[in-house]
Amino acid sequence: MNALSSEGQKDALAQIAPELLEKPKGETGPKELPPLPGAEDGKVVGRLAPYPSGPLHIGNARAFVLNDAYVKRYGGKLILAFDDTIGSEEKPVLPEAYDQVKEGLDWLGITYHDIVYKSDRIPTHYEWAEKLLELDAAYACTCDAETLRKNREAGRACEHRVQDADETIAMWKAMLDGEYEEGGAVLRLKTDMQDPNPAFRDRVLFRVSNRDHPRVGTRYHVWPMLEFSWAVDDHLLGVTHVIRGKDLVIEDQMETRLWDLFQVQPRPAFVHFGILRFKDLELSKSRYRREIAEGRLTGIDDPRTWSLQSLRRRGLRPAALRDFVLDFGLSLNDIEVAAETLYAENRKLVDEHANRYFFVPEPVTLEIHGLPPTEAAHPPLHPDFPGRGRRTVPVGPKFHVAKEDFERFRGQEVRLKDFCNVVLDHRATFVSLENKDIPKVQWVSHGGVQTHVVMPTGFESHGLAEPEVASLKVDDVVQFERVGFARIDHVSHAEVRAYFAHR
RNA sequence: GCUCCGGUAGUCUAGUGGCCAAGGAUAGAAGCCUCUCGAGCUUCUGACACGGGUUCAAAUCCCGUCCGGAGCACCA
């Protein structure tokens, strides 16, 4: 029965005991997401709003996967809207990041139907800003950031708030004409400086920046803030559902306030989810960018960045990541999960496909005395699928076992897996061939291939793999027995490099 | 400090007043199986933060307390 493929097993089961298949196991696949409020079939419009400062990482994946999952469930369209306003000194837009983001989305299997760039829409944002000026709902302010912060804290209005609308219009023109220095003026919404929520007191809508933008250069001196640009674009793009982290709830209020002023309908529904953290991981695109530049990380797919590219390189399946995030649903809880949970998801997907091979890290060489003449051992490619065939691991005269195993079992009888039992030492003694219930270790004899396994920590494990590893292909995901799953990254005549996924 | 949002087993999550003596996943333990420390199978451990209400009935509704998080950037 186990010899059958999982499909074959299902077919067989369907004949013997169909009722067993009826029961939804609950463990297969992610559970269903809750319905999306107000969603109509075929009419959901969602949007992805990446900020192109680097490749997407595992922490960004949640919002993207959720949006994609809902759009697929209800039918509709998903807009990839690069949120590439001018950003900040510490967090600049990077020209290469646009493609890096798309690469990550493609790998994740996210289907977007349209691409728009915030940086193309700045004139539109200006138009809508001017509507606000006509309503006298905003004012230009030249207080510096520090004063602004203090006033906000104290609930105190500055003199700009009460200036004439004409004055503001003149200042706005001056802002647009580039007459202010970087940070020299802002346009603020008149909410209420006494608003109980200090975060909501006359928020900034536009600011001055003269920095260079990779797509539009220095054409614009005035850039919209996220909430203003989205209030305009969510409306103009016909977005029906905004699904985002709860760290952005105040943006809901801002967008709503602006829509009230603009008197626009209909409005998207807001859906939030809680903050997701990874145990022992601090994800930061800007830090990784710096460390790559300093050469401390090998590139955007260095496993330490946890970028989607790096997960791909390790051989993780996008479906594992999707299931993993979807399992959190829309819960507003702030959660902290261990990467192990993702690995468990991936292991389920990868195990039956990953053929088994011996890899011996930090090899220790030994000779075996009394060994009967033997050409090779023939372990199965996969213990659960004998039909897949066997490997050939040549034998003698010298053997290599992992240093860790050698030190742990020295002087004891162990089994060179799928071959024979020996008392382990530099001069080992052959005991017998039959399979015994003693510790098994992986081993390599002659013809071993120099193999390097890049671990998630960046550490490289060097060792020898059995000869057949040299005929693997890039992208093959294998299991090195007793070590773990890895993706073959590079194969040359004498060397193999693999990226470790997980145990 | 202010505003908002949360608190179900170690970690995630299901649960929207009776079907919950709380389900699933993951982690952990034991056993079986297996020539891997993988997979599979079986069993077990383990939770409604606390205190008050409302109700015939509360994990589910209300109030308070405690704890956690986010926002209070001219970042997104």
Side-chain angles (χ1 to χ4, degrees), chain A residues 2 24-27 30-32 34 49-53 83-93 118 141-145 148-149 152-153 155 182-188 195-201 203-209 222-223 225-227 229-230 244-253 272 274-277 279 285-286 323-324 327-329 331-338 340-345 347-348 350-352 354 356 358 377 379-380 382-385 415-419 421 434-442 479-485 502-503:
Chain A
N2 284 344
K25 288 192 34 194
E27 23 182 300
K31 54 181 165 296
E32 205 169 328
Y51 179 73
S53 64
D83 218 346
D84 61 340
T85 55
I86 194 69
S88 63
E89 203 80 59
E90 316 81 66
K91 206 158 107 178
V93 172
K118 268 287 157 63
C141 177
T142 55
C143 294
D144 60 53
L148 200 146
R149 188 184 64 77
R152 179 133 57 204
E153 201 173 308
E182 176 100 16
V186 293
L187 190 74
R188 302 173 69 184
D195 193 289
N197 182 355
F200 204 63
R201 292 171 187 164
R203 283 177 77 87
V204 171
L205 264 19
F206 285 86
R207 62 196 161 124
V208 169
S209 173
V222 177
W223 288 89
M225 306 300 289
L226 171 143
E227 50 262 55
S229 69
W230 277 114
R244 58 185 171 199
K246 75 173 184 186
D247 49 323
L248 261 21
V249 279
I250 197 170
E251 324 304 343
D252 299 12
Q253 291 175 53
H272 294 97
I275 311 295
L276 169 65
R277 284 192 189 73
K279 202 162 167 44
K285 283 196 234 175
S286 41
D323 291 353
F324 169 74
D327 189 52
F328 305 135
S331 154
L332 284 164
N333 286 353
D334 302 316
I335 57 182
E336 184 176 75
V337 288
E340 190 53 45
T341 311
L342 170 64
Y343 297 159
E345 209 67 56
R347 197 178 292 119
K348 281 185 220 162
V350 131
D351 183 67
E352 68 170 301
R356 271 51 171 174
F358 288 155
H382 196 303
D384 302 334
F385 304 96
R415 181 165 176 79
L416 302 182
K417 187 169 176 287
D418 300 297
F419 179 41
N421 313 309
E434 91 279 10
N435 182 21
K436 279 194 194 174
D437 189 17
I438 54 174
K440 315 278 191 306
V441 301
Q442 74 278 25
Q479 189 207 55
F480 290 129
E481 296 199 35
R482 303 208 315 135
V483 175
F485 295 90
H502 50 77
R503 292 198 70 88

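We name chains A, B, ... by the order of the sequence lines, and we start the count at 1 in each one.
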**Q.** Rounded distance [0.5 Å steps], CZ in A:Arg356 versus CZ in A:Phe385
**A.** 8.5 Å
Q. For the side chain of A:Glu340 and the base of B:U11, is some donor closer than 3.5 Å to an acceptor across the two?
A. no
Q) Which nucleotide sits closest to the side chain of A:Asp334: B:G69, B:C74, B:A27? A) B:G69
Q | Interatomic distance where CD belongs to A:Glu153 and C1' belongs to B:C2 [whole Å] | A | 9 Å
Q: To the nearest 0.5 angstrom, please state how far the CD atom of A:Glu345 sits from the CZ atom of A:Arg347.
A: 11.0 Å
Q: In whole angstrom, give me the gap between the P atoms of B:G10 and B:C50.
A: 13 Å
Q) Given the P atoms of B:U8 and B:U54, what is the spacing between them in whole Å? A) 27 Å
Q: Name the closest nucleotide to the A:Thr85 side chain, picking from B:A27, B:A76, B:U13.
A: B:A76
(Q) Whole angstroms only, please: what is the CG-P distance between A:Leu342 and B:A27? (A) 12 Å
Q) Given that both distances must come in under 3.5 Å, which nucleotide forms a Watson-Crick or G-U wobble pair with B:G46? A) none
**Q.** Candidates B:C12, B:U26, B:U3 - which lies nearest the side chain of A:Asn197
**A.** B:U3
Q. Rounding to a whole Å, what distance do you find between A:Lys118:NZ and B:A76:P?
A. 9 Å
Q. C1' atom, B:U34 versus B:A39: distance in rounded Å?
A. 9 Å
Q. Which part of the nucleic acid, if any, lies within reach of A:Phe485 when heavy atoms closer than 4.0 Å are counted: base, sugar-phosphate only, or nothing?
A. sugar-phosphate
**Q.** Side-chain heavy atoms of A:Leu226 within contact of A:Asp83, under 4.5 Å
**A.** yes
Return the polar atom pairs (N/O with N/O) between nucleotides 43-46 of chain B and the protein under 3.5 Å, or none.
none

Q.
Taking the C1' atom in each of B:A29 and B:A49, what is the distance between them to the nearest angstrom?
A. 27 Å
**Q.** Nucleotide nearest A:Arg347 when distance is taken to its side chain, options B:C12, B:U13, B:A27
**A.** B:A27
Q) Taking 4.0 angstrom as the limit, do A:Asp195 and A:Arg201 come out as a salt bridge? A) no
Q.
I need the residues from residues 244-252 of chain A with at least one non-hydrogen atom less than 4.0 Å from RNA chain B; give them sorted by number, or say none.
A. A:Lys246, A:Asp247, A:Leu248, A:Glu251
Q) Ignoring hydrogens and angles, does a donor from either the side chain of A:Arg415 or the base of B:C35 sit under 3.5 Å from an acceptor on the other? A) yes
Q: Measure from the side-chain heavy atoms of A:Asp327 and tell me the nearest of B:C35, B:C12, B:C74.
A: B:C12
